[in-house]
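In what follows, chains carry the letters A, B, and so on, assigned in the order in which the sequence lines appear, proteins first and then strands, with residues in each chain numbered from 1. Predicted model only: the values in this text are computed from it and were never measured.
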Amino acid sequence: MSKKELSKAFEPAHAEERWYDYWLENKYFHAKDNSDSPAFSIVIPPPNVTGMLHMGHALNNTLQDIIIRFKRMQGYNTLWMPGMDHAGIATQNVVEQELMKEGLSRHDLGRAKFIARVWEWKEKYGGVIINQLKRLGCSCDWERERFTMDEGLSKAVREVFVRLYNEGMIYQGDYIVNWCPRCHTAISDLEVEFKQDASFLWNIRYPFADGSGDIVVATTRPETMLGDTAVAVNPLDFRYRDQVGKFVILPLMNKKIPVIADDYVTMDFGSGAVKITPGSDPNDFAMAQRHQLEIISIMDGHGIINEYGGKYKGQDRYEARKNVLADLEKGGYLVSTEHYAHNVGQCYRCKTDIEPMVSKQWFIKIKPLAKQAIAAVVKDKTKIIPKTWEATYFDWMNNIRDWCISRQLWWGHRIPVWYCDDCDKVIVAIEDPKECPDCGNTSLMQDEDVLDTWFSSALWPFSTLGWPDKTESLKTFYPTSLLITGFDILFFWVARMMMMGLYVMKDVPFRHVYLHALVRDEKGEKMSKSKGNIIDPLSMIDQYGTDAFRFTLAAYTAQGRDVRLSPERIEGYKFFVNKIWNASKLTLTNLADFDESAPVNDSDSLPDKWIKAKLNETIAEVTRGLEEYHFNDASAAIYHFIWHEFCDWYLELSKPVFYGKASQEQRQATQKTLHEVFTVMLQLLHPFMPFVTEELWQSLNDSDERSIMVSKFPVVNPAWEDKVAEKKMEMLMTIITSIRNIRGEMRVPPSIKLKVMVSAGDDESGKIIDDGKDYILNLANLESLTVEVGLVEPKGVATGVIGATRIFVPLAGVVDITGEKARLEKELAKVSKDLEQSSKKLANRDFCAKAAPEIIQKEEDKLKECQEKFNTLENALKKLKEISR
RNA sequence: GGGCGGGUAGCUCAGCCGGGAGAGCGCCACGCUUACACCGUGGAUGUCACAGGUUCGAUCCCUGUCCCGCCUACCA
């Protein structure tokens, strides 16, 4: 059996395409509806159909793929359910902009034609991101790909709407909502972003109707005064006690409005009196309901003053502000203008200032749903990781307000409500009704509005599995095992899935929720187009390869921390891929004549036993890291093993076996170890670096080994545990390092091979060192090594101390002794510091009386060791001085 | 206003249950030794934000202060 020879360097682009196609052809991503294996499922956070892969997606999907590949290798029947979101406002905007170039608006086309146009757009340009996810290596079950607007999911949406409606959980009414004058639709509270704005606070005088003076109110939005229907003061405010119940004249509108008392009003803000505009402010609206005030909307959907705004009719809201202020000033009503910073709500999508407006909308009564969703997390039916997010989740759920689900858009799930033209009957139905069930009239009008995109997203964990049909998929994969998403959509999406899952399926949508942080640039700033600090994932993949890119993301994903990314960091992990590649070249060369099927005894060589023990620890660490979503720990463990144990030591230690005079038997035994360790190493790495590991796996193995991705994930092998080998190896390694240190510090050129003497503390360690003589000779570049127990220090040597072991390097003819003197003095200084600390501690009576016995013992051992080391070094230094004199 | 997270080596960060401060990158020195210069070997580097407290002992626990992020909120 011959292994393939590897090219000089790994070629990511080539391997990525080749192996991804191979996996697809073999349907390795496909999950079975029926299987004897336990199920493990994740639904993808559906990207917008208009979306392009950005760093957030890259991180999110890399983490999902790591877990999915890990679980798949562990033998689970693994489903990663992919799909996309129809993104109501975003998609409608895109298509409207396209129309605009043709000089058309959606109204020119009409609703049906416009929607057809959106679908056309979707077929042509939508879903670019799906192919980008494939370049990331995502092992989604693409055969199951879903779209929130497809037939099945639309059916689910209707079903849930009707159910909620019939159970009294959905209602319609005139309420004040967040209105975007540009998108021309209501949006939910969550979709409003508050931005601080340096503006003004204007103080305006409202005269009493009876001519008895006036009352001053403050406002940041003077134009809304046109719709004022009251002035409010706090009931406890003695200054205004007599004024409550009186009327003031609303300036410019010349209208009588009452002074009312409500404890919402803060007494010590401004004058303690506030103007009330129920049509333009949510708080004022609430107050109007408490006091049965008149509610006047002075603006239309575009933010233009309407007929209720008197002579300002037709003016846009900002223009009206200017004019109102000018007129107030002219009329002597403007008392003062102060600089004032306050928060202005903006539309998350287009950044237009939100206009709170009263309109007829659909709402979900959310409290009962939230109650269940809270309970599920309290009872640990769903675990939120990291746990700190639970508090945020609870806080939001406890203070939740009814969800406005209607949107005045065309692209989306149209609300399944019809109105009879004749009898005004309201029909709410899953199937489009043909006639009015009351009067039989066939002229029915469907509600014009569509549902919030998040409504359909909230059903994603079960709608994608076929609900409302009772499918096998649903039975097998719901509740899903895990959701991985960014914390920024905890409320938007996670919370709503929790509520809907519990309401519809009577069970949580997922067992675990892992929330990851944001990807920022290396300075910690949020990436944005305007800042120009965007790092494009695809260009990173092109430059450094998918494997390096993915590994970087995993390595920087520590819980509760943002990921700070820069191309240099990705490059660093490209070097790691290169290191793996080169180590593999050597490995494959050394295995060229290895026959896996031939019976070979396990190697009893120290390095072989040691590397297997270390590998065992690495298996445990990687597994634990992934199981607990400590991606940084898992990736660090495999990185450290490969580079600093396998490459730095094991490959070097085993070179003599392959190049030297080892017996055929030893050679084969070492090959067996090398093959095993290398295989397991690739498997551990595979979830992080799918492509290079597959390439190497295929080069290593016989053709009947189908793919690393369906191989069994390594488990700790008790037979590999070997504390003794670890101890012994550690001893040899410190001796080698110590000699190298002397070489390095003394500037001994590599061409000079040293003769070294070692004094062992006792027979046992003497034997270990003597057994490991060849390793030391090779790795420390020595000509000879003599080992004796209790050797007396010779003259003219450099000295190294490791516990009871002394290392003597004769300096004659190699270097002068001044260097060694300096080196010893440095060492001595270090030891004395430790020595002082330690003896001080032990001299402390309280310490000896109160500290744990094992701690005291440890401290005593340390003191003794330091003492000995100190003596040895001091002695060595004295001898050197004698010579140099 | 409320809440959360963070301030540890030049940079980015790890340090679980208190008991001698770590990694990666960067830096310095030497080296093209037959896998790898995308490398090897060695080295340097810290008032663990500040001030108190608890303790025999604090980077870790408690209190306060100062910075920096983020989330959330109806003070006009």
Side-chain angles (χ1 to χ4, degrees), chain A residues 6 8-10 194 201-202 217-221 224 232 264-266 268-277 281-287 340 342-343 356 386 388-389 391-392 395-396 399 487-488 490-491 517-518 520 522 524-526 555-556 558 560-566 568-569 571-590 630 632-633 636 639-640 643-644 647-648 651-652 655 659 737 740-751 779-781 833-834 837-838 841 844-852 854-856 858-859 862 866:
Chain A
L6 298 182
K8 181 135 179 60
F10 177 56
F194 285 91
L201 188 65
W202 289 278
V217 297
T219 182
T220 54
R221 298 204 57 195
T224 63
Y264 158 76
V265 183
T266 315
D268 48 16
F269 186 90
S271 64
V274 57
K275 66 191 251 339
I276 301 301
T277 322
D281 183 285
N283 299 305
D284 295 2
F285 182 82
M287 202 183 297
Y340 192 69
H342 69 128
N343 290 328
T388 57
W389 286 106
T392 312
D395 186 60
W396 188 73
N399 297 302
F487 68 79
D488 50 326
L490 176 61
F491 307 143
L518 252 51
R520 297 169 179 279
E522 75 266 53
E525 291 191 44
K526 216 165 165 170
Y556 283 100
R561 283 273 190 178
D562 286 334
V563 176
R564 294 202 187 189
L565 200 67
S566 71
E568 291 74 38
R569 283 175 199 162
E571 192 187 23
Y573 286 106
K574 190 192 125 189
F575 296 160
F576 178 45
V577 174
N578 183 251
K579 182 77 181 176
I580 295 165
W581 188 257
N582 282 302
S584 305
K585 276 203 298 200
L586 178 61
T587 301
L588 292 182
T589 306
N590 290 344
H630 288 260
N632 57 329
D633 290 347
Y639 180 95
H640 182 258
W643 203 310
H644 299 300
C647 292
D648 286 354
L651 286 180
E652 296 303 328
K655 270 178 184 172
Y659 300 147
T737 306
R740 282 171 173 176
N741 167 281
I742 292 171
R743 290 195 78 110
E745 295 267 294
M746 310 292 289
R747 306 277 156 80
V748 179
S751 55
L779 296 191
N781 193 19
K833 217 173 124 193
D834 286 350
Q837 251 181 26
S838 206
K841 213 169 194 179
N844 185 339
R845 250 183 245 156
D846 284 329
F847 175 75
C848 295
K850 291 177 185 169
E854 65 269 23
I855 296 295
I856 298 172
K858 215 168 128 194
E859 203 59 42
K862 186 178 137 194
C866 284

- Within this structure, what is the CD1-to-C1' distance between A:I742 and B:U41, rounded to whole angstrom? 14 Å

- Item | Complementary nucleotide for B:A29 - Watson-Crick or wobble, under 3.5 Å | B:U41

- Message: Measure CD/A:E571 against P/B:U12 and give the value in whole Å, please.
- Response: 19 Å

- Pick one for B:C13: is it syn, with its angle within 90° of 0, or anti? anti

- Note on the structure: note: A:N844, atom CG; B:U55, atom P; distance rounded to Å ~ 14 Å

- How are the rings of A:Y639 and A:Y573 set relative to one another: parallel (under 30°), tilted (30 to 60°) or perpendicular (over 60°)? perpendicular

- Query: So, does the side chain of A:E745 form a donor-acceptor pair with the base of B:A29 at under 3.5 Å?
  - Reply: no

- Select from A:K574 and A:L651 the residue whose nearest nucleotide in RNA chain B is closer to the 5' end of that strand. A:L651

- Query: Expressed in angstrom and rounded to an integer, what is the separation of A:F576 atom CZ from B:C39 atom C1'?
  - Reply: 15 Å

- Message: Does the plane of the ring in A:W396 sit parallel, tilted or perpendicular to the ring in A:F491? Use 30° and 60° as the thresholds.
- Response: parallel

- Item | salt_bridge(A:E571, A:K574) N-O dist < 4.0 Å | no

- Message: Rounding to an integer number of Å, can you tell me how far A:N741 CG sits from B:A29 P?
- Response: 18 Å

- Item | Distance, rounded to the nearest Å, where A:L588 contributes CG and B:A35 contributes P | 13 Å

- A:N582 CG to B:G40 P: how many Å, rounded? 10 Å

- Look at all strands and tell whether A:E854 reaches a base, only sugar-phosphate, or nothing, counting heavy atoms closer than 4.0 Å. nothing

- Message: Work out how far the C1' atom of B:G10 is from that of B:A51, and round it to whole angstrom.
- Response: 28 Å

- Of the nucleotides B:A35, B:C36, B:C56, which has the atom closest to the A:D846 side chain? B:C56

- Task: Nearest whole angstrom, please: distance from the C1' of B:G40 to the CG of A:N578.
- Result: 14 Å

- Message: Please tell me if A:K8 has a side-chain N or O lying less than 4.0 Å from either OP1 or OP2 of B:C36.
- Response: no

- Scanning all shown strands, the Watson-Crick or wobble mate of B:G69 with both distances under 3.5 Å is B:C4

- Note on the structure: Readout for nucleotides 70-76 of chain B: B = base within 4.0 Å of protein heavy atom, S = sugar-phosphate only, - = neither; 5' to 3' it is S-SBBBB

- Base versus backbone protein contacts along nucleotides 19-28 of chain B [heavy-atom cut-off under 4.0 Å; B, S, -]: BB---SS---

- Using modelled atom types only, decide if a donor and an acceptor are shared between the side chain of A:N399 and the backbone of A:D395 within a distance under 3.5 Å. yes

- Task: Using the P atom on both, measure B:A14 against B:G24 and round to a whole Å.
- Result: 16 Å

- Got a donor-acceptor pair under 3.5 Å from the side chain of A:K579 to the base of B:C38? no

- Message: Over all strands shown, is A:A849 touching base, sugar-phosphate only, or nothing at heavy-atom distances under 4.0 angstrom?
- Response: nothing

- Counting any heavy atom closer than 4.0 Å, what does A:C848 reach on the DNA or RNA strands: base, sugar-phosphate only, or nothing? nothing

- Task: Quick one: label A:T737 by what it contacts on the DNA or RNA (base, sugar-phosphate, nothing), any heavy atom closer than 4.0 Å.
- Result: sugar-phosphate

- Report yes or no: does A:T219 contribute a side-chain atom to a donor-acceptor pair with the main-chain N or O of A:R221 at less than 3.5 Å? yes

- Strand partner of B:G20, provided both Watson-Crick or wobble distances fall under 3.5 Å: none

